[in-house]
Amino acid sequence: MARYSFKDVEPKWQQVWESKGIFKTPANPAKKYYVLEMFPYPSGDLHVGHLKNYVIGDVVARYKKLNGFDILHPMGFDAFGLPAENAAIERNVSPAGWTYGNIETYKKTMSLLGLSYDWDREVVTCREDYYRWTQHIFQLLYDNGLAYRKKAFVNWCNDCQTVLANEQVENGVCYRHGTPVTKKNLEQWFLKITDFADDLLADLDLLKNWPESVKKQQFDWIGKSYGVEIQFEQPELNQKLTVFTTRPDTIYGVTFVTISPEQPLVEEIKKLVPDSVKKGIEAYQVASKAKTEIERTSTGEKTGIYSGLDLIHPLTGKKVPLWIGDYVLATYGTGIVMGVPAHDERDFAFAKRYELPIILVIQNPEQNLNSETMETAWTDDGIMVNTPGFEGKSSTDFIQAIADEIQTKGLGRKTINYRLRDWLISRQRYWGAPIPMIHCPACGVVKDPNLPVRLPAENKVQLKPQGKTPLETDESWLNTTCPSCGGPAKRDPDTMDTFMCSSWYYLRYADNKNSEKLFDTEIANTWLPVDQYIGGAEHAVLHLLYSRFITKALHRIGLVGFTEPFTNLFTQGMVTMFSPKTGKLEKMSKSKGNVVPVGEFVREWGADTGRVMILFAAPPERDFEWTNEGVAGANRFLNRIWTFVQDNLDLLAPAEFKSQFEISQLTPDSFKIYQKTHQTVKKVSADLNEFKFNTAVAAFMELMNDLNKTDRKSLEESEEFQRVIKHCIVRFLEVFTPIAPHISEELLSQLGFAGTVFDRGWPSWHEDATVSDTVSIVIQINGKLRGNLDVARDSDDESVKKLALENEQARKFLAGLSVVKLIVIPNKLINIVAK
RNA sequence: GCCGAGAUGUUGGAAUAGGUAGACAAGAGGGACUUAAAAUCCCUUGGCUGCUAACAGCCGUGCGGGUUCGAUUCCCGCUCUCGGUACCA
């Protein structure tokens, strides 16, 4: 018996789908469904760890298509970015050549898998026909006041040799390299994502089918907090110092105020203090700036220096010293905080180090706090003390009262602060979309009207970072004329963060060939939002937040009719494998030396085996380990299906195909397999809707195990039985096509069906056949399983009780006991409570 | 530290409007076929006890309590693991 020869079958069906144009996007969808997997950055070649994302998307796309939806299922490449540029520097290759070569490799590999993409919809972010529109979006944002330039202390990664957005700094290190990030004071382009902070927060509620963890991460990242700004006067300074606090209830506990060394007011302060103090402040500023982000933010020492000035406490009128300390962030709130050592850990540590006084204003419920002896700050609620007019009252009541009082007395105002900052998008690198702006000495910043602003030729620029942006090294590119006055001007030398490229690609797929516009609004509104987005959870606050922002911005500008890009989001777990380098399970990656290349895998096992393996191994949201045993098991299963059909093809192929049977006409054996088949169709339909691929595959295995028990002799003897078994295997194969499309199509065709499964669609199940006339009822005695009872479905409780008490097994256990109570759960169990 | 998710056989995992725990696989053991091996097929496979067996009993879903006729599922208190986060005042 020939084993399943995937080497012939898989290319054959890929060819059929291709030639029939099955996966082409319909122009005027009646029932649209947009399935999208996060597009890859093309680096090297695909390994099986990458596959999970694409396989899940393909199952969804095929399943929806079989159910009559008009599908948009595109693929493309996130093609600008550092790896290409680094490869260029290290190996002297061309960034563009390297990238396009990888894209070709990726596409070739993807074509082995039978994925249902419409490649006519492809987008490649580094191509001119794409990045000119990325530049166009930038200019649109600029026109609408959503892109601006400012000088700020920004995150600098020495490995990237460029600045990074806040979202790209994790725990003080670069998200890519893990190298410590330092601060640089540079003038850069920012996008006003903070303008949408409230919408981004509120609309999380609309995202019903997003993982809670992703929504939570975005919620925390936006970090909305309600508080009060309070002003402290300084007699010599001509302006007041404003602090932001969420704890105005601790106002009477203020014993100092701390200002961040980068806060601009520090410069004013320096003018008022004696030279010796000024020198100290400057030395401190230099020292702070030299620290890495980790050194500044890790739990370590809180350092500071006395500014030489004192402030007036707005309520007590007493003097409190003003300190400069780099534990205060210049970019959050006002960059100045009030020091309440008794009720804030950081202030407590600072006060202890510099021997500043501690005033207790909130007493704990045990009433045992004492400012002299406390060893840690009390940050919870409690009872007010040392607070005129509120002694003995609850701090939770006081917090509102004092906020109101501060506001009415004109000492400050209630306000809201966000942790979210504007998105810094300038990058001092070559391989990205140039920022399409011109700097003119006369006119200032002017839009370049000639898009695309092309990158200078690779051989004209110095890619290796040397304190200049690579684009600046091509003078002929850099120097241009001002579109406004015609005088000499310079181009903006930076490129855009590549997250900008990926924050709108899902829109371009809808109308990817439009050379006149970003996209046609009507077409975008037809296909979007994306119905099902699938990707890794690591993008929770990067790509997914930026994309939501860009969608909202384009909505405000009037280019799209929706406010959220992705209606449903599924985040798959990663594929792990034992790494010989680290000696443990690791995410599959080249650097860990634990990859299985897709090409090699498909040559040895075929695409369908890989698909079944990935879907069966574990629930898709969970991580799973890639194992040879798992692969072999998946392959064995496919071969069992193949063999079953081959063994019986002589009888099944000629048999008439009936789409439904009369239950009463079926023999018991026929009914059993017919029932199992329809239960399977029902279960698989439900499981695919819920992304429960692993249990769907298990259901197929169960049905196959039953089909394999088919008695060849009975089959030979009864034409009716042949028709039943044909019906069952056909239904099996039809609903199996989203999971293993090649083998399923091939066997359906061998069984006598012309065309493809898409000609027939998803079968409905025979509901009456999924239930039985009789059910097995469990007999429990005092909660313990003691026997079984076969009764008619929906038997009344009384007859079940009677049968249970008469049951031989039950009587054995009831000997010497008296029955106290009977609990009947219809069609499930009866519990006899006895003493 | 804080926030979130989780803990079920040798392993991946099933089963939760509370109702037969371990579906389906993997691995292991035994058998059939074969000169042999591979492949394939069949059987066994949570632990303990009853000398062995069919069989029977007891225990068993991280730990300790609780609610209930009945708890992997609900409640309270722990332990551990994995993610996320990191001076945001």
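Residue numbers begin at 1 in each chain, while the letters A, B, ... track the order of the sequences.
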### Query
Which part of the nucleic acid, if any, lies within contact of A:N694, taking any heavy atom under 4.0 Å across all strands shown: a base, the sugar-phosphate backbone alone, or nothing?
sugar-phosphate
Contact class for A:Q780 vs. all strands (heavy atom < 4.0 Å): base, sugar-phosphate, or nothing? base
Applying a 4.0 Å non-hydrogen cut-off, can you work out what A:S225 is touching in the nucleic acid: base, sugar-phosphate, or nothing? sugar-phosphate
Picking from B:G27, B:U20, B:G70, the nucleotide nearest the side-chain atoms of A:E629 would be B:G27
Of the candidates B:C69, B:A15, B:A25, the side chain of A:F616 sits closest to B:A25
Which of B:U20, B:A25, B:C69 is nearest the side chain of A:M701? It is B:A25
Item to check | Side-chain N or O of A:N705 closer than 4.0 Å to phosphate OP1/OP2 of B:A25 | outcome: yes
Of the listed B:U20, B:C24, B:A89, the closest approach to the A:E702 side chain comes from B:C24
With a 4.0 Å cutoff (strictly under), does any side-chain N or O of A:R786 reach OP1 or OP2 of B:U20?
no
Among B:G13, B:A25, B:A89, the one nearest any side-chain atom of A:Y327 is B:A89
A:R419 has its side chain closest, among B:G84, B:A89, B:U85, to B:U85
To the nearest 0.5 Å, atom CG of A:L322 lies from atom CD1 of A:I305 at 11.5 Å
Only one of A:V684, A:D608, A:L638 passes side-chain contact (heavy atoms from CB on, under 4.5 Å) with A:F736, and that residue is A:L638
Original post:
Heavy atoms under 4.0 Å, any strand shown: does A:V833 hit a base, just sugar-phosphate, or nothing?
Top reply: sugar-phosphate
Here the gap from A:M574 atom CE to A:W626 atom CH2, rounded to the nearest 0.5 Å, amounts to 15.5 Å
Smallest heavy-atom separation, A:V697 atom then A:F616 atom, equals CG1-CD1, 3.5 Å
**Phosphate-side-chain proximity, A:K587 and B:G83, N/O vs OP1/OP2 below 4.0 Å** = no
The nucleotide from B:G12, B:U20, B:A14 with an atom nearest the side chain of A:P619 is B:A14
Out of B:G27, B:G19, B:A86, minimum distance to the side chain of A:L829 belongs to B:G19
Nearest heavy-atom contact between A:T627 and A:M613 is N-CE, 3.7 Å
